[in-house]
Engineer: 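Take this structure, written in structure tokens, and hold onto it; I'll ask about it next.
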Protein chains: 2
Amino acid sequence: MVKVQIYDTTLRDGAQAVDINLTAEDKLRIAQKLDDLGIDYIEGGWPGSNPTDKRFFEDIQALSLKHSRIAAFGSTHMAKHAAENDPNLKALAASQAPVITIFGKTWDRHAVEALRVEPERNLELIGNSLAWLRPRCKELFFDAEHFFDGFRANRDYAMECLKRAHQAGADVLVLCDTNGGTLPCDVRKICDHVTKALPLARIGIHAHNDTDMAVANSLMAVQAGAVQVQGTVNGFGERCGNANLCSIIPTLELKLKRQALPKGRLHLITETSRFVDEVANRVPFARQPYVGESAFTHKAGVHVAAVAKDSSLYEHVQPEKVGNLRQVVLSDMSGQANILFKAKEYGITLEKGSPEVLEILREIKEKEAVGYEYSASEASFELLMRRALGMTRRYFSLVKYRVLDWKQTGCEDPLAEATVMVQVGGHVEHTAAVGLGPVNALDNSLRKALVRFYPKISEIRLLDFKVRVLNAKTKHDSGTASHVRVLITTGDQTDTWTTVGVSHNIIQASWQALEDAVNYKLVMEDKKKQQGKC
Amino acid sequence: MVKVQIYDTTLRDGAQAVDINLTAEDKLRIAQKLDDLGIDYIEGGWPGSNPTDKRFFEDIQALSLKHSRIAAFGSTHMAKHAAENDPNLKALAASQAPVITIFGKTWDRHAVEALRVEPERNLELIGNSLAWLRPRCKELFFDAEHFFDGFRANRDYAMECLKRAHQAGADVLVLCDTNGGTLPCDVRKICDHVTKALPLARIGIHAHNDTDMAVANSLMAVQAGAVQVQGTVNGFGERCGNANLCSIIPTLELKLKRQALPKGRLHLITETSRFVDEVANRVPFARQPYVGESAFTHKAGVHVAAVAKDSSLYEHVQPEKVGNLRQVVLSDMSGQANILFKAKEYGITLEKGSPEVLEILREIKEKEAVGYEYSASEASFELLMRRALGMTRRYFSLVKYRVLDWKQTGCEDPLAEATVMVQVGGHVEHTAAVGLGPVNALDNSLRKALVRFYPKISEIRLLDFKVRVLNAKTKHDSGTASHVRVLITTGDQTDTWTTVGVSHNIIQASWQALEDAVNYKLVMEDKKKQQGKC
């Protein structure tokens, strides 16, 4: 069976969702992650249409992707001038993207009412645009916009659009259900018609989820012979979103036995899904098939015993295959298993059922109840474990801090100043620093106070800072009085680590995360010393 | 075409989800709402299995439902004694529910490994349970648990289970994809086999969403002759959830032209979906097909121009048909069309291409380039527009604010205190307030300063506070020095609105959003006055 091409448009169609707002930096990080997963094509955006996408296509060339090819997206040239003079087509060629995807109208009413050109002229736009781009890229795809609606409205015209694109050299004709209203049975019929009428053409599918059918429609098209599936991570996209690649890829590989990713990559799909949500600052959807947090969650009882004996009794696939975890709700044993698993990772030996383990378990449950989240902040988790086991010394302790924000009319940014008083051994150090904001000032001040005692501190750098407002638990606990969770990612020359803090007060939550970030560095240095690495 | 029976199991299978907790009171309110919508069957739970369900079946009889029939759910009787002595079957009969649904094993391995009975004995349990219940209820349904997996593993046995249930008097044989791993093509094949083998039986479908196919599978079964669809509102349920009735019902009626609800009820489905989320205390999923907040939201400028011309060009159905609304949001992709559309909404008349429009467009693009995001903060957008057009007066202006966070070892939360000096007309007001965090303190202090001049301020309440750290745009601009975007949602008795602020400094970003939030309230009050509403 021929491999199915996976074409990701999270960075273009996905980014058109109301609640998704990606910077060029975000897009580059996601592209890197998709390359690790082994996605064949990554559609980066519209070159030249806006500064973000312009920068993406410049900077992506510095990343040396191992598997993925970058695709630039644009429309057929404007009717008022020829292809060779069209600024958009020129921008596409200038983007240096090896793959170019052009979308064109295939529904005659759209040509007339949206594009305001005669249907015949629209056919020329399609043919001329693709013909001009053909020698200017390695691969050329045609997104047949509104194809399914167009086919139902005026079959001959829609088919003629495909023929022109095929003749002009499109490698794949991608049938788009732009409005997302088509049902699987119609997708099947229409794909069959196209493959019969254009036996030499290769077709793809681009589905939207307006009837909750995007995944079913995509797989139906593959079963009808489509060689390319376009979609987004987690189904991001306008309105109801695009076809969800996190559902399509596992079903292709595990159920339809079709290769979609390079061998041995499928288990990366859950972490990819979570990563993209994190970068887009979206709360992951727990019920998401295959990759969701509840996708393999079982309730305690006979059920669980049966799952333990033979998971195929209650699971349609094994969670490990997609890199997800089986969870048993309200089961301390599963909690313990995690702790023992992690301890081993950290080189700590613990005994199942031992008082230490139960103590750590109690503390974690207590912390998670008020909003701490250790899956995304393992450094704080390791520190918690080491403290519970008396495996780390106290490097410093806070006496007090004070953060001041002073805004005066006239000056754009307020003055942010922090003072920190910490005790290190016998000494009390009292320092002050300013910053671009209160947390930055606090961070500068803390490191200034400690560097004299721990010079290695000068090696660390704050790489990322994330804030999530936890949902109000009571009526009082809402708005600006909500709990906030702060995640801080820190790095030195060799490692990066993430720490967490939670409080009503964003400054206090940030302080906790900063404190852990510095402590973790010092713990690592001591570990290295013990291992004689310094 | 025969009407499709809609069987809702939100209160039973839906409530089994880890994150759903319904009281008897909640269940009664939802049942009432489902009756208003015109759902045929409402499965209330397991009578006698727990106090909540026990109370539900008692109290539901006081509610005089206009359309829906209440169903009680339970399993085949225990192997160790006869049907007539089985406490669960007795509880079902005692529930007074006009409809009883019994589930039984149809996968031989499950009979042996989970129930621990011989396959032959399991067939007796099915037959005896249904035969005993038949005279004790108006309608009797059989949920064939794991039917699709069972059919694949041992077709003859799975079919024999159905035959026994049919002979024992089940009105509908509901084929369950309990593990949710079946694909539409297999649902079709297996349903066709069953309808051929049991031409006199009526079949139903109960699908789970573990492959993102629950909706497709349900509709496929209907196309194969199923007369009953079981599912839940918003797809609630264990793991990946059950088939989502909010997607299935509109597709049945609008696309497959099959009646699912009483005439003229479909437009109630959006409010039903939101109501159930509300009662279950779940944040609605914005991308949910048909009923989601973004389901008919248009963002890209090119779309908006066309939608304004003819909505069928970009919408697969009209939002009014399902009681949802069309929305147009703003983004850096937005062109003039969006602005004109919005202005009209705000009751402002603008001319395409006019200097005002171009000025507003320029300002939006400038702001969005540094991280402002108006699609999620329309109140700030309206203020921006009114300011550009000189359509709002200055209610107050900041002289200075100062925010202090003071943390001392020993006390858990730091002290957060804010002072604000604002000028209102000739007066200068200088106030101070504390809060649970610096932003809360600033918020309290600002409103304290203004309420004397604008008593209506006392009506507003902060509902939500969102912080998004924008990823580094330059190498220096990273970590705790990143730009942050703050979104604040505010409400009074009648409206809610969202405002935005962006800065290196989270306090300053929050200040901007707070300032807009208060200004927007004052603008609305003036509008009301002009319209003589006060």
Side-chain angles (χ1 to χ4, degrees), chain A residues 16 18 21 23 25-26 50 113-114 179-181 184 210-213 215-216 238-241 247 251 281 287 289 294-295 297 306 316 329 398-409 413-414 416 436-440 443 462-463 465-467 469 479-482 504-508, chain B residues 18 114 179-181 184 210-213 215-216 239-241 247 251 287 289 294-295 297 299-300 306 309 316 329 332 373 375 398-409 413-414 416 436-437 439-440 443 462-463 465-472 479-482 504-508:
Chain A
Q16 277 179 222
V18 186
N21 211 283
T23 63
E25 189 57 40
D26 293 334
N50 63 73
E113 294 179 33
N179 293 2
D210 298 71
T211 61
D212 227 344
M213 298 286 197
V215 168
E238 264 194 294
R239 304 193 313 275
C240 307
S247 301
T251 300
N281 199 29
R287 286 208 313 263
S294 330
T297 296
H316 70 116
V329 184
L398 175 73
V399 181
K400 63 181 68 167
Y401 70 67
R402 198 211 66 209
V403 179
L404 181 70
D405 258 83
W406 182 282
K407 164 79 174 178
Q408 215 142 359
T409 173
D413 274 335
L436 279 163
V439 180
N440 186 229
D443 170 29
L462 272 139
L463 302 175
F465 173 70
K466 282 199 159 53
V467 182
V469 177
T480 52
S482 311
H504 274 301
N505 185 316
I506 192 167
I507 304 292
Q508 174 61 10
Chain B
V18 188
N179 293 359
D210 297 71
T211 61
D212 228 343
M213 298 287 197
V215 169
R239 304 193 314 277
C240 306
S247 301
T251 300
R287 288 209 312 267
S294 328
T297 296
K299 187 173 180 183
K309 269 194 227 97
H316 69 118
V329 300
D332 56 4
E373 220 292 280
S375 64
L398 177 73
V399 181
K400 62 181 71 166
Y401 68 67
R402 197 210 67 209
V403 179
L404 180 71
D405 258 83
W406 181 281
K407 164 81 177 177
Q408 212 140 1
T409 173
D413 274 336
L436 278 162
V439 179
N440 186 227
D443 169 31
L462 273 139
L463 303 175
F465 172 69
K466 283 199 175 58
V467 182
R468 163 88 155 100
V469 176
L470 305 171
N471 279 340
T480 52
S482 308
H504 276 302
N505 185 317
I506 189 165
I507 304 293
Q508 174 60 10

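Residue numbers begin at 1 in each chain, while the letters A, B, ... track the order of the sequences.
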Engineer: Between A/A216, A/C240, A/G181, which residue shows the highest count of heavy-atom pairs closer than 4.5 Å to chain B?
Structural biologist: A/C240

Engineer: If I compare all heavy atoms of B/R239 with all of A/T297, which pair ends up nearest, and what's the gap?
Structural biologist: CG-O, 3.6 Å

Engineer: Among A/L398, A/I506, A/L404, A/D212, who wins on heavy-atom pairs under 4.5 Å with chain B?
Structural biologist: A/D212

Engineer: What closest approach, in Å, do B/N179 and A/H316 show between heavy atoms, and which atom pair accounts for it?
Structural biologist: O-CB, 3.8 Å

Engineer: Atom CD of A/E238 and atom CZ of B/R287: how far apart are they, to the nearest 0.5 Å?
Structural biologist: 12.0 Å

Engineer: If you take all heavy atoms of A/N505 and B/P414, which pair is closest and at what distance?
Structural biologist: ND2-CG, 3.6 Å

Engineer: Go through the atoms of B/T251 and report whether side chain, backbone, both or neither lie under 4.5 Å from a heavy atom of chain A.
Structural biologist: side chain

Engineer: Give me the one residue out of A/V439, A/D405, A/V403 that meets side chain to side chain contact (heavy atoms under 4.5 Å, CB included) with B/I507.
Structural biologist: A/D405

